[in-house]
Amino acid sequence: VIPLGWSIGLSAVLFVIGVVGVLVRRNALVIFMSIELMLNAANLAFIAFGRHLNDVDGQVIVFFVMAIAAAEVGIGLAIIVNLFRLRETVFVDEVNLLKG
Amino acid sequence: MIPALFAAFAAILVVSSLMVILHRNPVTSALFLVLAFCALAGIYLLMGAEFVGMVQIIVYAGAIMVLFLFVIMYLNLQKDVETGVQVALRRGLGWLLGAVLLVEGGLLVSKAWAPRPTEPGATVPAVGNTEQVGLALFSDWLFPFEVIAMVLLVAMVGVIVIGKGLRASREGR
């Protein structure tokens, strides 16, 4: 019912919005949210192709991606909180040292 | 009816994701991201992926975004200051690169790349969507499922270690 091209086009637009967000923002938290947008664009493509091929495997992979995203968000936010404790900033261009 | 709903959800999705990257206040960005995830869940429902749509709302809009909001409010962030030549330059470059990427994607999509349907016409499955996903998950995908469980465990341990902080880990507490 929904053409495959629409879903893939929407997924591409969503991914590009995520990429632009990573490139233009300085706030580490917003960069992180943009990464979530890109993950969701990939999820949408998986669901669309799974629907197109009449296969449930696409939905299973999306389930795995969500689990990975949850793990990633936990670790990433812990790192950002630690960064804020050390540097009092979440702006990525003010953080230029590898050694704390 | 379904194409109209798809278009409406897609419009909400694109506008709210744009607001995520354009708004200065991180809390507002996070709330728009919740809206985007809910619209995406609606699109999943339209595509017949009911289980994934519900998990999207519970895990993404519920758990992950609450964690984001918690951290934003814990750090007590104010509105981002985005001034200066360097920042403006980077923003212009970012939008330019995004436009190039979008054109590239459009060219790829317009080519004849789509695989043909393996079965003509959508066959109606004998069982519900959740049951289908569960059957696939615990038969063909059992090993990846166990690996994901280990990944989540390792992530949990990692978060605890990182969250304790540098000084605490140096002192061996």
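Numbers restart at 1 for each chain; the letters A, B, ... are given by sequence-line order, proteins then strands.
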When you group the ILVMFWY residues by side-chain heavy-atom contacts below 4.5 Å and let the links chain together, are [Y] and [X] in the same group?
| X | Y | answer |
| --- | --- | --- |
| A/Met66 | B/Met54 | no |
| B/Met150 | A/Val65 | no |
| B/Leu153 | B/Val159 | no |
| A/Val92 | B/Leu89 | no |
| A/Trp6 | B/Ile12 | yes |

Where on [X] is there a heavy atom nearer than 4.5 Å to chain A: the side chain, the backbone, both, or neither?
| X | value |
| --- | --- |
| B/Phe68 | both |
| B/Ala30 | both |
| B/Val154 | neither |
| B/Leu18 | both |

In the structure I gave you, are the side-chain heavy atoms of A/Leu23 and B/Arg91 within less than 4.5 Å of one another anywhere?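 A/Leu23 does not reach B/Arg91 side chain to side chain.
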A side-chain contact here means heavy atoms from C-beta on lying under 4.5 Å apart; do A/Met33 and B/Ile72 qualify?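 Of all side-chain heavy-atom pairs linking B/Ile72 with A/Met33, at least one is under 4.5 Å.
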ask   = Would A/Val30 and B/His23 satisfy side chain to side chain contact (heavy atoms under 4.5 Å, CB included), going step by step from the backbone distance to the final call?
value = CA-CA 10 Å; A/Val30 181; B/His23 209 282; over 6 Å; no
Could you have a look at [options] and say which one has the most heavy-atom pairs with chain A under 4.5 angstrom?
| options | answer |
| --- | --- |
| B/Leu97, B/Leu96, B/Leu101 | B/Leu101 |
| B/Val14, B/Leu93, B/Val52 | B/Val52 |
| B/Ala99, B/Gly163, B/Ala149, B/Ser17 | B/Ser17 |
| B/Gly134, B/Ala136, B/Gly105, B/Ala49 | B/Ala49 |
| B/Leu75, B/Val133, B/Leu33 | B/Leu75 |

Is [X] in contact with chain B via its backbone, its side chain, both, or neither, using a 4.5 Å heavy-atom distance?
| X | answer |
| --- | --- |
| A/Leu83 | neither |
| A/Val90 | side chain |
| A/Leu29 | both |
| A/Phe91 | side chain |
| A/Ile75 | both |
| A/Ile31 | neither |
| A/Ile17 | both |
| A/Phe64 | both |

Straight-line distance of B/Phe37 CZ to A/Leu37 CG, nearest 0.5 Å: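 Rounded to the nearest 0.5 Å, the CZ-CG separation comes to 6.0 Å.
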Contact leader toward chain B among A/Ile47, A/Ile68, A/Val19, where contacts are heavy-atom pairs under 4.5 Å: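 The answer is A/Ile47.
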Fill in: Choice from A/Leu14, A/Asp57, A/Val81 maximising heavy atom contacts with chain B below 4.5 Å
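Between A/Leu14, A/Asp57, A/Val81, the count favours A/Asp57.
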query = If you look only at pairs with a residue in residues 19-41 of chain A, which of them pass as a salt bridge (Lys or Arg N to Asp or Glu O under 4.0 Å), with sequence neighbours excluded?
reply =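 Only A/Arg25-B/Asp80, A/Arg25-B/Glu82, A/Arg26-A/Asp93, A/Arg26-A/Glu94 qualify under salt bridge (Lys or Arg N to Asp or Glu O under 4.0 Å).
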**Item:** Toward chain A: residues of residues 57-67 of chain B with heavy atoms under 4.5 Å
**Value:**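 Under the 4.5 Å heavy-atom cut-off, B/Tyr60, B/Ile64, B/Leu67 qualify.
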Next on the checklist: Which residues pass the side chain to side chain donor-acceptor pair (under 3.5 Å) test with A/Asn43, not counting sequence neighbours?
Outcome noted: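 So A/Asn43 forms no side chain to side chain donor-acceptor pair (under 3.5 Å) with any residue.
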Closest contact, heavy atoms only, [X] versus [Y]:
| X | Y | value |
| --- | --- | --- |
| A/Ala67 | B/Ile148 | CB-CG2, 3.5 Å |
| B/Pro26 | A/Asn27 | CG-ND2, 3.5 Å |
| B/Gly98 | A/Val20 | CA-CG2, 3.6 Å |
| A/Ser7 | B/Met47 | OG-CE, 2.9 Å |
| B/Ile21 | A/Gly21 | CG2-CA, 3.6 Å |

| For the side chain of A/Asn82 and the backbone of B/Ile162, is there at least one donor-acceptor N/O pair under 3.5 Å apart? |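 Answer holds: yes.
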Pair B/Phe70-A/Leu77, side chain to side chain contact (heavy atoms under 4.5 Å, CB included): steps then yes or no: CA-CA 10 Å; B/Phe70 178 76; A/Leu77 288 178; over 6 Å; no
Fill in: Aromatic plane relationship, B/Phe145 with A/Phe63 - under 30° parallel, 30 to 60° tilted, over 60° perpendicular
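Parallel: the ring planes of A/Phe63 and B/Phe145 meet at under 30°.
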Applying the side-chain contact (heavy atoms from CB on, under 4.5 Å) criterion to A/Gln59, which one of B/Leu137, B/Asn129, B/Val55 satisfies it?
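Going through B/Leu137, B/Asn129, B/Val55 one by one, the side-chain contact (heavy atoms from CB on, under 4.5 Å) with A/Gln59 is satisfied by B/Asn129 alone.
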Under 3.5 Å donor-acceptor pairs involving side-chain atoms of residues 38-45 of chain B, not counting sequence neighbours:
none

